[in-house]
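Residues: numbered from 1 along the sequence shown. Order of listing sets the numbers, starting from 1, for every ligand and every atom in it.
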Amino acid sequence: MYNTGIMAVECYAPERAVTNDDLAKLVDTSDEWIYSRTGIKSRHVSTGENTSQMCIKVAERLLEKTGVKPEELDLIIVATITPDFATPSTACLVQGAIGADNAAAFDVSAACSGFIYSLSIADKFIKAGEYKKALVIGAETLSKYVDWQDRTTCVLFGDGAGGAIVEARERGGIIADVLHAKGSDGMKLTGCEKKVRNFLSSPEPDRHYFIMDGKAIFNFATKVIPQSINIITQKSGVSLDDVKYIVPHQANYRIIEFAARKLKLPIEKFYINIDRYGNTSAASIAIALGEMSNEGLLQRGDKVILTGFGAGLTWGSMLIEW
Ligand code: COA
């Protein structure tokens, strides 16, 4: 049976950066409030690029970096809650654009855990033996669901994409993962509701924008991150001392700080770039990995834990030997 190794990671974000001061012109907020509560300084916001276009940029960068030819890809998975369309899937749009004619393609909706869910799915396809190379992308244009008049949510989110090409390998790569969901708490964070519209019902307005119980999500996240990381260390037998980096979903600096304290780990072990991106949901861990790789932080043999949590509610962690 093969393992699933990471060939390369890459990332992309729209050019336009929106600072906290920019948002203070739209709603009653301040840089001081946003930074002290979340760790966010600015976020990238699309001025026209949709999710598939950002995915295609990431895919092209990955193909160039690895030398993999599009037709060598067996599988394309895009993790997103902000697809261009319900159908075709974002993954199919990417498949068509890059000419990956031999790849199966589909989207995964698991919000901020989406990249880990998708890597886990790709890992199972590869371990089953028939699939050798997969392109896995996390990408979001969350600005589509942001109510720019709602200060409780508009300061949190950003747009961007990141991804990996993974391949069948003899050893290393994805060593252990764990995925969770708690649908009974799903209504604590909703976005882009689609009501039934047919000839019998008069259309009611959809709750299009994000609606969130921030405190409940905060408490949920600080509880499940340490739990999920502890499951991974138990499952793999790898001690946290031997893990070089923990790459968490970037939702709030204080959430990461809480989790670090509970795990008795120095905050420096966590890669954090939320100050420049805000919360990019399924893209956030992939963007972080792309940046880390381009900064030379990830060397072959390094052990890295990814940990994600968010809407659904979903959460999960993964240990990778680079
Ligand atoms: N600027 C200024 N004031 C704001 C504000 C903003 N952007 N957003 C909310 N406030 C106000 C509130 O109205 C409230 O005012 P009040 O006391 O007069 O009612 C006050 O600040 C405190 O609000 P509260 O919601 O208690 O703040 P908080 O410390 O819980 O921080 C979050 C709010 C959203 C930053 C925090 O709960 C959080 O990060 N939760 C997790 C959210 C998340 O990560 N979601 C995505 C998961 S993937």
**Student:** Would the Tyr253 and Tyr35 ring centres measure less than 6.0 Å apart?
**Tutor:** no
**Student:** If you count the atoms of ligand 1 from 1 in the order shown, which ones are under 4.0 Å from a heavy atom of Thr38?
**Tutor:** 35 (C)
**Student:** In terms of residue, atom name and distance, what is the protein heavy atom nearest to atom 40 (N) of ligand 1?
**Tutor:** Gly214 O, 2.9 Å
**Student:** Can you tell me which residue and heavy atom of the protein come closest to atom 8 (N) of ligand 1, and the distance to 0.1 Å?
**Tutor:** Trp33 CH2, 3.3 Å
**Student:** With Lys127 as the cation and Tyr2 as the aromatic partner, state whether NZ or CZ is under 6.0 Å from the six-membered ring centre and within 45° of the axis.
**Tutor:** no
**Student:** Give the residue, atom name and distance (to 0.1 Å) of the protein heavy atom nearest atom 7 (N) of ligand 1.
**Tutor:** Arg151 O, 2.9 Å
**Student:** Enumerate the atoms of ligand 1 whose separation from the nearest heavy atom of His249 is less than 4.0 angstrom.
**Tutor:** 48 (S)
**Student:** Can you tell me the protein heavy atom closest to atom 43 (C) of ligand 1 and the distance?
**Tutor:** Ile217 CG2, 3.8 Å
**Student:** Side chain, backbone, both or neither: which applies to Val27 and ligand 1 if a contact is any heavy-atom pair less than 4.0 Å apart?
**Tutor:** neither
**Student:** Please state whether the rings of Phe125 and Phe106 are parallel, tilted or perpendicular, taking 30° and 60° as the class boundaries.
**Tutor:** tilted
**Student:** What's the verdict on side-chain contact (heavy atoms from CB on, under 4.5 Å) for Glu291 and Cys11, showing C-alpha distance, side-chain angles and the deciding distance?
**Tutor:** CA-CA 7 Å; Glu291 278 199 345; Cys11 57; 4.2 Å; yes
**Student:** So which protein heavy atom does atom 48 (S) of ligand 1 come closest to, and at what separation?
**Tutor:** Cys112 SG, 3.2 Å
**Student:** Are there protein heavy-atom neighbours of atom 29 (O) of ligand 1 below 4.0 Å?
**Tutor:** yes
**Student:** Parallel, tilted or perpendicular for His249 and Phe309, by the 30°/60° rule?
**Tutor:** perpendicular
**Student:** Rounded to the nearest 0.5 Å, what's the gap from NZ on Lys303 to CG on Asp241? Could you check?
**Tutor:** 12.0 Å
**Student:** Of all the atoms in ligand 1, which lie at a distance below 4.0 Å from a heavy atom belonging to Phe309?
**Tutor:** 48 (S)
**Student:** Would Leu23 count as a contact of ligand 1 if the rule is a heavy atom under 4.0 Å away?
**Tutor:** no
**Student:** Within ligand 1, which atoms have a heavy atom of Gly310 less than 4.0 Å away?
**Tutor:** 48 (S)
**Student:** Does any N or O atom in Arg37 lie less than 3.5 angstrom from one in ligand 1, N or O only?
**Tutor:** yes
**Student:** I want to know if ligand 1 touches Asn252 in the polar sense, i.e. an N/O pair below 3.5 angstrom.
**Tutor:** yes
**Student:** Protein heavy atoms: any of them under 4.0 Å from atom 2 (C) of ligand 1?
**Tutor:** yes
**Student:** Would you check, one step at a time, whether the test side-chain contact (heavy atoms from CB on, under 4.5 Å) holds for Glu268 with Tyr245?
**Tutor:** CA-CA 8 Å; Glu268 292 72 31; Tyr245 288 109; over 6 Å; no
**Student:** With the threshold set strictly below 4.0 angstrom, can you tell me whether any protein non-hydrogen atom sits that near atom 35 (C) of ligand 1?
**Tutor:** yes
**Student:** Indicate the atoms forming the closest heavy-atom contact of Trp148 with Val27, along with that distance.
**Tutor:** O-CG1, 3.4 Å
**Student:** Checking the N or O distance criterion of under 3.5 Å, is ligand 1 in contact with Asn279?
**Tutor:** no
**Student:** Using a 4.0 Å cutoff against the non-hydrogen atoms of Asp28, which atoms of ligand 1 qualify?
**Tutor:** 1 (N), 2 (C)
**Student:** Between Val304, Ile225, Leu240, which is the residue that forms a side chain to side chain contact (heavy atoms under 4.5 Å, CB included) with Ile246?
**Tutor:** Leu240
**Student:** Less than 4.0 angstrom from a charged side-chain N to a carboxylate O is my criterion; do Lys124 and Asp177 meet it?
**Tutor:** yes
**Student:** Sequence neighbours excluded, which residues qualify as salt bridge (Lys or Arg N to Asp or Glu O under 4.0 Å) partners of Lys182?
**Tutor:** Asp185
**Student:** Mind checking side chain to side chain donor-acceptor pair (under 3.5 Å) for Lys235 and listing every partner two or more places apart, or none if nothing turns up?
**Tutor:** none
**Student:** Ignoring hydrogens, tell whether any protein atom lies closer than 4.0 Å to atom 18 (O) of ligand 1; use the non-hydrogen atoms only.
**Tutor:** no
**Student:** Measure the distance from atom 25 (O) of ligand 1 to every protein heavy atom, then report the residue, atom name and distance (to 0.1 Å) of the closest one.
**Tutor:** Lys215 NZ, 4.1 Å
**Student:** Does ligand 1 have a heavy atom under 4.0 Å from the side chain of Val155, from its backbone, from both, or from neither?
**Tutor:** side chain
**Student:** So that I can tick it off, tell me whether Lys65 and Glu60 are bridged by a salt bridge, with the cut-off set at under 4.0 angstrom between side-chain N and carboxylate O.
**Tutor:** no
**Student:** When you measure from atom 44 (O) of ligand 1 to every protein heavy atom, which one gives the shortest distance, and what is it?
**Tutor:** Ala251 CB, 3.5 Å
**Student:** Given Tyr145 and Phe210, is the ring-ring contact (aromatic ring centres under 6.0 Å, His included) satisfied, shown in steps?
**Tutor:** CA-CA 6 Å; Tyr145 301 171; Phe210 284 121; 5.7 Å; yes
**Student:** Looking only at protein heavy atoms, which one is nearest to atom 45 (N) of ligand 1, and what is the separation?
**Tutor:** Met212 SD, 3.2 Å
